[in-house]
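Structure first, commentary second.
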Amino acid sequence: MNKWDERFMSLAETVASWSSCYQANRHVGAVAVKDKRVLTTGYNGAPQGIESCSERNECLRRVKNIPSGTMQEVCYAVHAEQNAICQAAKLGVSLDGATMYVTHQPCVICTRMIINSGIKKVIYKNGYPDEFAKQLFAQSDVELIKYDEL
(Lines give C-alpha, C1' and ligand atoms only; values in the text may rest on other atoms or scores of the structure.)
Protein backbone atom coordinates (compact mmCIF):
# COMPACT_ATOMS: atom_id res chain seq x y z
CA MET A 1 0.00 0.00 0.00
CA ASN A 2 1.30 3.45 -0.82
CA LYS A 3 0.45 6.93 0.39
CA TRP A 4 -1.86 7.52 -2.61
CA ASP A 5 -3.94 4.46 -1.73
CA GLU A 6 -4.18 5.77 1.84
CA ARG A 7 -5.17 9.25 0.64
CA PHE A 8 -7.86 8.05 -1.74
CA MET A 9 -9.34 5.58 0.76
CA SER A 10 -9.36 8.32 3.39
CA LEU A 11 -11.20 10.54 0.91
CA ALA A 12 -13.73 7.74 0.25
CA GLU A 13 -14.34 7.55 4.00
CA THR A 14 -14.87 11.31 4.14
CA VAL A 15 -17.29 11.15 1.22
CA ALA A 16 -19.15 8.33 3.02
CA SER A 17 -19.81 10.71 5.89
CA TRP A 18 -21.97 12.79 3.50
CA SER A 19 -24.46 9.90 3.13
CA SER A 20 -28.12 10.77 3.53
CA CYS A 21 -29.02 7.20 4.52
CA TYR A 22 -30.59 6.54 7.89
CA GLN A 23 -28.06 6.88 10.70
CA ALA A 24 -28.00 3.16 11.65
CA ASN A 25 -27.18 2.03 8.09
CA ARG A 26 -23.92 1.75 6.19
CA HIS A 27 -22.56 5.02 4.97
CA VAL A 28 -20.60 4.25 1.81
CA GLY A 29 -18.24 6.45 -0.15
CA ALA A 30 -16.64 5.99 -3.57
CA VAL A 31 -13.86 7.90 -5.31
CA ALA A 32 -12.89 7.31 -8.94
CA VAL A 33 -9.31 8.28 -9.76
CA LYS A 34 -6.89 8.14 -12.66
CA ASP A 35 -3.26 9.22 -12.77
CA LYS A 36 -3.47 10.33 -9.10
CA ARG A 37 -6.34 12.70 -9.90
CA VAL A 38 -9.88 12.51 -8.54
CA LEU A 39 -12.38 12.16 -11.38
CA THR A 40 -15.65 11.80 -9.44
CA THR A 41 -17.02 10.95 -6.01
CA GLY A 42 -20.22 9.37 -4.79
CA TYR A 43 -22.00 8.48 -1.57
CA ASN A 44 -25.16 6.51 -0.86
CA GLY A 45 -28.29 8.57 -0.62
CA ALA A 46 -31.63 9.42 -2.18
CA PRO A 47 -31.77 10.71 -5.76
CA GLN A 48 -31.94 14.47 -6.31
CA GLY A 49 -35.26 15.88 -5.16
CA ILE A 50 -36.34 12.71 -3.32
CA GLU A 51 -36.71 12.78 0.47
CA SER A 52 -33.94 10.68 2.04
CA CYS A 53 -34.30 8.08 4.77
CA SER A 54 -32.48 10.43 7.10
CA GLU A 55 -35.15 13.08 6.43
CA ARG A 56 -37.90 10.44 6.78
CA ASN A 57 -36.25 9.30 10.03
CA GLU A 58 -36.56 5.64 9.02
CA CYS A 59 -35.05 3.14 6.63
CA LEU A 60 -37.47 1.52 4.18
CA ARG A 61 -35.37 -1.66 4.15
CA ARG A 62 -35.46 -1.94 7.94
CA VAL A 63 -39.21 -1.28 8.03
CA LYS A 64 -39.69 -4.15 5.54
CA ASN A 65 -37.08 -6.39 7.26
CA ILE A 66 -35.06 -6.86 4.07
CA PRO A 67 -31.76 -8.68 4.74
CA SER A 68 -28.52 -6.93 3.82
CA GLY A 69 -27.20 -7.86 0.40
CA THR A 70 -30.63 -8.68 -1.04
CA MET A 71 -33.31 -6.80 -2.97
CA GLN A 72 -31.19 -3.66 -3.52
CA GLU A 73 -33.98 -2.25 -5.67
CA VAL A 74 -36.17 -1.77 -2.58
CA CYS A 75 -34.38 1.29 -1.24
CA TYR A 76 -34.56 5.04 -1.72
CA ALA A 77 -30.77 5.31 -1.92
CA VAL A 78 -28.57 5.27 -4.96
CA HIS A 79 -25.34 3.45 -4.08
CA ALA A 80 -22.08 5.38 -3.79
CA GLU A 81 -20.52 3.65 -6.80
CA GLN A 82 -23.61 4.35 -8.90
CA ASN A 83 -23.55 8.01 -7.90
CA ALA A 84 -19.87 8.31 -8.85
CA ILE A 85 -20.58 6.73 -12.26
CA CYS A 86 -23.68 8.91 -12.77
CA GLN A 87 -21.68 12.01 -11.86
CA ALA A 88 -19.10 11.06 -14.48
CA ALA A 89 -21.83 10.64 -17.10
CA LYS A 90 -23.47 13.95 -16.15
CA LEU A 91 -20.15 15.82 -16.32
CA GLY A 92 -18.83 14.03 -19.42
CA VAL A 93 -15.89 12.45 -17.56
CA SER A 94 -14.57 9.13 -18.88
CA LEU A 95 -13.89 6.47 -16.26
CA ASP A 96 -12.08 4.26 -18.76
CA GLY A 97 -8.98 2.86 -17.06
CA ALA A 98 -9.80 4.43 -13.68
CA THR A 99 -9.47 2.97 -10.20
CA MET A 100 -12.37 3.20 -7.78
CA TYR A 101 -11.77 3.35 -4.03
CA VAL A 102 -14.85 2.27 -2.07
CA THR A 103 -15.47 1.95 1.64
CA HIS A 104 -17.41 -1.31 1.05
CA GLN A 105 -17.27 -4.10 -1.52
CA PRO A 106 -19.67 -3.30 -4.37
CA CYS A 107 -22.98 -5.15 -4.72
CA VAL A 108 -23.80 -7.03 -7.91
CA ILE A 109 -25.68 -4.07 -9.45
CA CYS A 110 -22.75 -1.72 -8.85
CA THR A 111 -20.35 -4.41 -10.07
CA ARG A 112 -22.09 -4.60 -13.43
CA MET A 113 -22.02 -0.82 -13.77
CA ILE A 114 -18.33 -0.70 -12.80
CA ILE A 115 -17.45 -3.35 -15.38
CA ASN A 116 -19.33 -1.51 -18.16
CA SER A 117 -17.97 1.93 -17.21
CA GLY A 118 -14.39 0.94 -18.05
CA ILE A 119 -13.07 1.10 -14.48
CA LYS A 120 -10.16 -1.34 -14.28
CA LYS A 121 -9.53 -1.66 -10.55
CA VAL A 122 -11.70 -1.52 -7.42
CA ILE A 123 -10.10 -1.21 -4.00
CA TYR A 124 -12.55 -1.71 -1.14
CA LYS A 125 -12.12 -1.58 2.63
CA ASN A 126 -15.07 -3.45 4.17
CA GLY A 127 -16.84 -6.59 3.05
CA TYR A 128 -20.41 -6.87 1.81
CA PRO A 129 -22.56 -10.04 1.68
CA ASP A 130 -22.67 -10.47 -2.11
CA GLU A 131 -20.70 -13.44 -3.41
CA PHE A 132 -22.20 -13.17 -6.89
CA ALA A 133 -20.57 -9.73 -7.27
CA LYS A 134 -17.20 -11.33 -6.51
CA GLN A 135 -17.88 -13.98 -9.15
CA LEU A 136 -18.60 -11.30 -11.76
CA PHE A 137 -15.40 -9.44 -10.89
CA ALA A 138 -13.47 -12.72 -11.23
CA GLN A 139 -14.94 -13.25 -14.71
CA SER A 140 -14.23 -9.69 -15.85
CA ASP A 141 -11.03 -7.77 -16.49
CA VAL A 142 -11.68 -5.55 -13.45
CA GLU A 143 -9.35 -6.22 -10.55
CA LEU A 144 -11.04 -6.39 -7.12
CA ILE A 145 -8.64 -5.80 -4.21
CA LYS A 146 -9.30 -5.68 -0.49
CA TYR A 147 -7.60 -2.58 0.92
CA ASP A 148 -5.80 -4.37 3.75
CA GLU A 149 -4.31 -6.81 1.22
CA LEU A 150 -2.53 -4.12 -0.82
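All figures in this text were calculated on a predicted structure; none of them were measured in a lab.
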Asn116 side, atom CG; Leu95 side, atom CG - distance, nearest 0.5 Å: 12.0 Å
Value for CD (Gln82) from CD (Gln72), rounded to nearest 0.5 Å, stands at 9.0 Å
Under the rule for side-chain hydrogen bond (donor to acceptor under 3.5 Å, both in side chains), what residues qualify as partners of Thr70, not counting sequence neighbours? none
Find out whether [X] and [Y] are in side-chain contact, i.e. whether some heavy atom of one side chain is under 4.5 Å from a heavy atom of the other.
X	Y	value
Ser68	Arg26	yes
Val122	Pro106	yes
His79	Val28	no

Quick one: salt bridge (Lys or Arg N to Asp or Glu O under 4.0 Å) pairs with a partner in [range], sequence neighbours left out?
range	value
residues 4-20	Glu13-Lys125
residues 107-124	Lys120-Asp141
residues 70-83	none

So does Met71 get a backbone contact from the side chain of Arg61, meaning a donor-acceptor N/O pair under 3.5 Å? yes
For a quick test of your reading: what N or O donor-acceptor pairs under 3.5 Å do the side chains of residues 33-42 make, sequence neighbours left out?
from: Lys34; atom 1: NZ; to: Asp96; atom 2: O; distance (Å): 2.8
from: Thr40; atom 1: OG1; to: Ala84; atom 2: O; distance (Å): 3.1

Nearest atoms (heavy-atom pairs only) where Cys21 meets Ser54: O-CB, 4.0 Å
Just to verify, what does Phe8 make a ring pair (Phe, Tyr, Trp, His ring centres under 6.0 Å) with, not counting sequence neighbours? Trp4, Tyr101
